[in-house]
Each structure stands twice: as structure tokens, then as C-alpha cells.
Amino acid sequence: MLQVEILQLLVSPVHRLAGRPGDGMPELPSGELVTTAEVRAGLGLVGDRYFNQAAHRNASITLMAVERLPQPGAHPADLLRTRRNVLLRGIDIDACIGATVFLDSGTGPVELEVRSAARPCAWMDTTLGPGAQRALRGGGGVRCRPLTDGTLTVGPALFGVREPGHA
């Protein structure tokens, strides 16, 4: 088990990076950054745009490591700009593809099947700054399927691997 930190949680009811990056920066309401998020097995984060969406059941929660974010960029690098759900410090989450992992922020472990990479898109150059999409290749975070119900909270957390990956 590792001691990690959940730096930010994003629960957004709307897919904000739609259209073309050249159209300019969309509104990114700070109210979507929360201190606590409810996880439901097989469904995702309660209130999030991908919650209970059939097309996203196997990838309804995204995690990202703060260590991978380009710093300093044209804008503060955070979940509002990357549109991932969980920003972690202390674990190379991109190396966990194929594994079953858990995060425990004090209320019990939330198990997640790390299914695939969350590849950075062209929007990253608009939201974070020029060159961000290229800088995030191989480190844009991961897409997960939640296996258990639970709560994630900003602050210290335990991280562990239940089943190693097959990659």
C-alpha cells in the first residue's frame, strides 16, 4: 500500500469540451470541483456526465497523476482543464493499465479496474497551453470501471493494487 493524496475531484454534469478547440475556451465552472464524490459500482460518480451511460460503463471514472501535468503552463493545470475526475499525487497511475486498484480516503476502499489510457486530445493545447497534448502523451491519465460503491474525499488516501495488470 502507498500513501497518496487526492488533490482534486471533478464531478461535471456536462461534457464541456465539445466542438473545436479553435472555437475558444469553454466555460469551466469551479463548482464542479468537489471535496467528496460518491462512487457507484458499474455506474461511475454520482452526478457526473458519464454516470450510468452505457457507452462509458467500462470507463466512467478517469484518474490522473499531477506529476504528469505540464508545469508551468499558460493556465493552471487542474481537473477543470483536463476534464479528468480524480487528480492524484504520489502514484504513476498510467503504469496501472490492466490492474485492479483501490483508493481509500478514510471511508473504506473503492476498487477500480484500470481499463485504458485517457488519451489527451487537441483541447489540451487550448485549456492548458500550447504543447500540452504532446506533453501528456503516455501520461494523460486512465479510464476506470468502478467495481465497488464508496466515497472519495480530497486529502490523504491509501492506494494499492489488488490484481496486477496484464499489459
Side-chain angles (χ1 to χ4, degrees), residues 1-13 15-17 32-71 77-121 123-124 127-128 132-133 135-167:
M1 266 188 295
L2 290 173
Q3 182 75 41
V4 298
E5 186 176 3
I6 298 174
L7 297 173
Q8 288 183 322
L9 295 166
L10 178 96
V11 177
S12 177
H15 183 76
R16 300 216 181 268
L17 300 183
E32 294 177 352
L33 289 174
V34 297
T35 57
T36 301
E38 294 298 319
V39 178
R40 294 292 173 261
L43 301 175
L45 296 174
V46 175
D48 191 68
R49 64 203 176 279
Y50 295 128
F51 184 79
N52 198 23
Q53 297 294 318
H56 296 281
R57 277 238 176 85
N58 287 326
S60 59
I61 298 177
T62 52
L63 283 70
M64 184 174 211
V66 71
E67 292 88 352
R68 296 290 192 122
L69 287 171
Q71 296 286 347
D78 64 11
L79 294 182
L80 286 175
R81 294 177 181 281
T82 64
R83 307 308 292 166
R84 306 302 190 245
N85 298 116
V86 182
L87 186 61
L88 298 170
R89 174 180 285 139
I91 184 68
D92 181 7
I93 195 65
D94 293 278
C96 295
I97 293 172
T100 298
V101 302
F102 72 87
L103 275 170
D104 186 344
S105 54
T107 59
V110 174
E111 292 192 10
L112 303 164
E113 181 183 9
V114 184
R115 305 272 301 170
S116 63
R119 291 184 175 82
C121 67
W123 274 103
M124 296 301 122
T127 62
L128 294 173
Q133 180 184 14
L136 287 170
R137 286 189 187 144
V142 295
R143 298 182 182 283
C144 302
R145 180 169 65 101
L147 301 176
T148 60
D149 290 351
T151 303
L152 296 175
T153 304
V154 170
L158 293 176
F159 175 90
V161 176
R162 295 266 196 246
E163 290 182 33
H166 308 291

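Being a predicted model, the structure only gives us computed values, none of them experimental.
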Using residues 53-60 as the side-chain source, report each donor-acceptor pair under 3.5 Å to any protein atom, sequence neighbours left out, with the distance given to one decimal.
residue, atom, partner, partner atom, Å
R57, NH2, N52, OD1, 2.6
N58, OD1, R145, NE, 3.4

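- Note that CG of L147 is 7.0 Å distant from CG of L112, once rounded to the nearest 0.5 Å.
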TODO: Could you walk me through whether I6 and L88 pass the side chain to side chain contact (heavy atoms under 4.5 Å, CB included) test, one step at a time?
DONE: CA-CA 5 Å; I6 298 174; L88 298 170; 3.8 Å; yes
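- Atom OG1 of T153 and atom CG of L103 lie 11.0 Å apart (nearest 0.5 Å).
- Atom OG in S116 sits 6.0 Å away from atom CZ in R143 (nearest 0.5 Å).
- At distances below 3.5 Å, not a single donor-acceptor pair connects side-chain atoms of Q8 with backbone N or O atoms of V154.
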Task: Evaluation steps, side chain to side chain contact (heavy atoms under 4.5 Å, CB included), between L158 and Q3 - done: CA-CA 5 Å; L158 293 176; Q3 182 75 41; 3.6 Å; yes
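- Because its NZ or CZ atom is not both nearer than 6.0 Å to the ring centre of F51 and within 45° of the ring axis, R40 does not count as a cation-pi partner of that residue.
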Kindly list each side-chain donor-acceptor pair under 3.5 angstrom involving residues 92-99, sequence neighbours excluded, with atom names and distances?
residue, atom, partner, partner atom, Å
D92, OD1, R68, NH2, 3.0
D92, OD1, D94, N, 3.4
D92, OD2, R68, NH2, 3.4
D94, OD1, G141, N, 2.9

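- Side-chain N or O atoms of N85 include one that pairs as donor or acceptor with a backbone N or O of L10 at under 3.5 Å.
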Open item on the list: Apply side chain to side chain contact (heavy atoms under 4.5 Å, CB included) to residues I61 and D48 and explain how you reach the verdict.
Closed with: CA-CA 9 Å; I61 298 177; D48 191 68; over 6 Å; no
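- For the pair S12 and E32, the tightest heavy-atom approach, listed with the atom from each and the gap, is OG-OE1, 3.0 Å.
- The OG1 atom of T100 sits 4.5 Å away from the CD atom of E163 when rounded to the nearest 0.5 Å.
- To the nearest 0.5 Å, atoms CG (L152) and CD (E38) are separated by 8.5 Å.
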- [ ] Under the side chain to side chain contact (heavy atoms under 4.5 Å, CB included) rule, what do T148 and V39 come out as? Steps first, then yes or no, please.
- [x] CA-CA 8 Å; T148 60; V39 178; over 6 Å; no
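- One finds the CD1 atom of I91 at 10.5 Å from the CG atom of L63 (value rounded to the nearest 0.5 Å).
- Scanning both residues, T151 and S105, for their nearest heavy atoms gives O-OG, 3.5 Å.
- For the residue pair V4 and F159, the shortest heavy atom distance occurs at CG1-CB, 3.8 Å.
- Closest approach of C144 and P146 over heavy atoms only: O-CD, 3.8 Å.
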